[in-house]
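So the structure is just underneath, and the comments pick up after that.
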Amino acid sequence: MKHYFSLLVMGLLLFNCGTAQTVGNDTAQDNIPEEDIVKISNDDIEYEILIIEPGFNGWLASMARPEGYYSQSFLEARNTILVREWNTRVLQVNRFDPNLYEMQIDYQPHIDYGYDVNYKLYNYFIYFQLTHKQQLSTFVPRI
């Protein structure tokens with residue numbers, strides 16, 4: 001049985017797909033330029049992240065710390081904190097902009113998603129915080 005960890009950010013939308021689900025509106029995804037789609041997958045455990053947000057791919061290539069800069073344990077620890085806060089904000093629609101925090105992320109710390117998935121998820125959070133002037137933790141987002 002395949003498991004997919006999908007992160008779909010369309011504009012300001014962060015979307016997660018669980019076991020054997022597909023992204024709801026494929027036609028909307030077809031209209032997005034290829035350079036705005038970052039696909040990360042881990043074939044060993046069959047997880048995938050799709051990040052669709054204009055500018056993120058360019059930012060990742062030009063501004064983010066290079067792969068290998070952070071350890072996987074660092075990335076996993078930070079992602080656990082950032083995902084927890086993200087999911088909290090999704091549930092508090094009266095307190096946080098529901099256009100920024102639309103969907104919860106199913107990130108489980110006991111699953112080894114691999115370095116690539118953790119690296120790109122962490123960097124998406126940095127990009128999101130800097131771009132939208134948000135702070136998801138006590139750690140100041142910086143490059």
Side-chain angles (χ1 to χ4, degrees), residues 1-26 28-92 95-143:
M1 184 180 230
K2 277 193 161 190
H3 297 279
Y4 290 98
F5 176 73
S6 296
L7 177 65
L8 172 61
V9 183
M10 185 170 306
L12 304 175
L13 172 66
L14 187 63
F15 185 79
N16 173 42
C17 294
T19 306
Q21 293 178 342
T22 59
V23 177
N25 191 352
D26 291 333
Q29 186 175 341
D30 293 341
N31 296 330
I32 297 168
E34 187 71 28
E35 64 270 9
D36 289 338
I37 300 174
V38 177
K39 182 177 181 180
I40 315 133
S41 60
N42 182 333
D43 294 333
D44 294 338
I45 56 173
E46 299 172 345
Y47 280 89
E48 181 178 84
I49 291 178
L50 288 176
I51 298 174
I52 302 174
E53 181 160 344
F56 175 66
N57 197 30
W59 181 89
L60 184 64
S62 64
M63 301 295 291
R65 300 279 186 188
E67 286 190 39
Y69 183 85
Y70 305 108
S71 69
Q72 184 169 336
S73 60
F74 171 87
L75 295 171
E76 290 170 341
R78 290 291 171 97
N79 284 340
T80 299
I81 293 166
L82 295 168
V83 166
R84 185 179 310 125
E85 179 58 26
W86 179 277
N87 289 341
T88 298
R89 291 180 183 205
V90 168
L91 298 173
Q92 296 178 1
R95 190 167 169 216
F96 296 102
D97 185 352
N99 294 315
L100 289 179
Y101 305 99
E102 293 188 25
M103 303 289 285
Q104 289 190 329
I105 301 169
D106 182 23
Y107 181 87
Q108 300 178 29
H110 65 279
I111 295 176
D112 180 5
Y113 295 103
Y115 188 86
D116 195 44
V117 170
N118 278 288
Y119 171 78
K120 291 181 179 167
L121 179 60
Y122 174 73
N123 277 295
Y124 175 73
F125 282 126
I126 298 298
Y127 175 81
F128 172 83
Q129 290 176 93
L130 293 172
T131 304
H132 300 289
K133 296 178 178 46
Q134 300 290 304
Q135 190 165 344
L136 295 171
S137 71
T138 58
F139 308 111
V140 177
R142 64 181 121 204
I143 340 178

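With hydrogens and angles disregarded, a donor-acceptor distance shorter than 3.5 Å links the side chain of Tyr115 to the backbone of Tyr70.
Taking OH from Tyr101 and CG from Leu136, the interatomic distance works out to 4.5 Å, rounded to the nearest 0.5 Å. With rounding to the nearest 0.5 Å, the separation of CG in Asn57 from NZ in Lys120 is 8.0 Å. Lys133 contributes atom NZ, which lies 12.0 Å from atom CG of Leu100 (distance to the nearest 0.5 angstrom). The structure places CD1 of Ile126 at 12.0 Å from CG of Leu60, a figure rounded to the nearest 0.5 Å. Rounded to the nearest 0.5 Å, atoms CG (Asp97) and NE2 (His132) are 9.5 Å apart.
A donor-acceptor contact under 3.5 angstrom links the side chains of Gln108 and Asp106, judged on distance only.
Qualifying ring-ring contact (aromatic ring centres under 6.0 Å, His included) partners for Tyr127, counting only residues two or more places apart in sequence or in other chains: Phe56, Trp59. Listed by chain and number, the residues in a salt bridge (Lys or Arg N to Asp or Glu O under 4.0 Å) with Arg89 are Glu85 (sequence neighbours excluded). Residues passing the side chain to side chain donor-acceptor pair (under 3.5 Å) test with Thr88, sequence neighbours excluded: none. Every residue two or more places apart in sequence or in another chain that forms a side chain to side chain donor-acceptor pair (under 3.5 Å) with Arg95 is listed here: Gln92. Take Ser62 and apply the side chain to side chain donor-acceptor pair (under 3.5 Å) test, not counting sequence neighbours, and it matches no residue. Among residues two or more places apart in sequence or in another chain, the ring-ring contact (aromatic ring centres under 6.0 Å, His included) test is passed with Phe139 by none.
Only one option out of Asn79, Asp112, Asn123 pairs with Asn118 in a side-chain hydrogen bond (donor to acceptor under 3.5 Å, both in side chains); it is Asn79.
The shortest distance between side-chain heavy atoms of Leu130 and Met63 does not fall below 4.5 Å. Side-chain atoms of Trp86 and Tyr107, non-hydrogen and from C-beta on, never get closer than 4.5 Å to each other. In this structure, Gln72 and Tyr119 have side chains that are not in contact, with every pair of non-hydrogen atoms separated by 4.5 Å or more. In this structure, the side chains of Gln129 and Val140 stay at 4.5 Å or more apart for every pair of heavy atoms. In this structure, Phe125 and Arg78 have side chains that are not in contact, with every pair of non-hydrogen atoms separated by 4.5 Å or more. Considering only heavy atoms from C-beta on, Phe74 stays 4.5 Å or farther from Tyr69 through its side chain.
The minimum heavy-atom distance linking Asp116 with Glu67 is given by the pair OD1-OE2, 3.8 Å. Considering all non-hydrogen atoms of both residues, Val83 and Ile105 come closest at CG1-O, 3.7 Å. For the pair Gln104 and Asn87, the tightest heavy-atom approach, listed with the atom from each and the gap, is CA-OD1, 3.2 Å.
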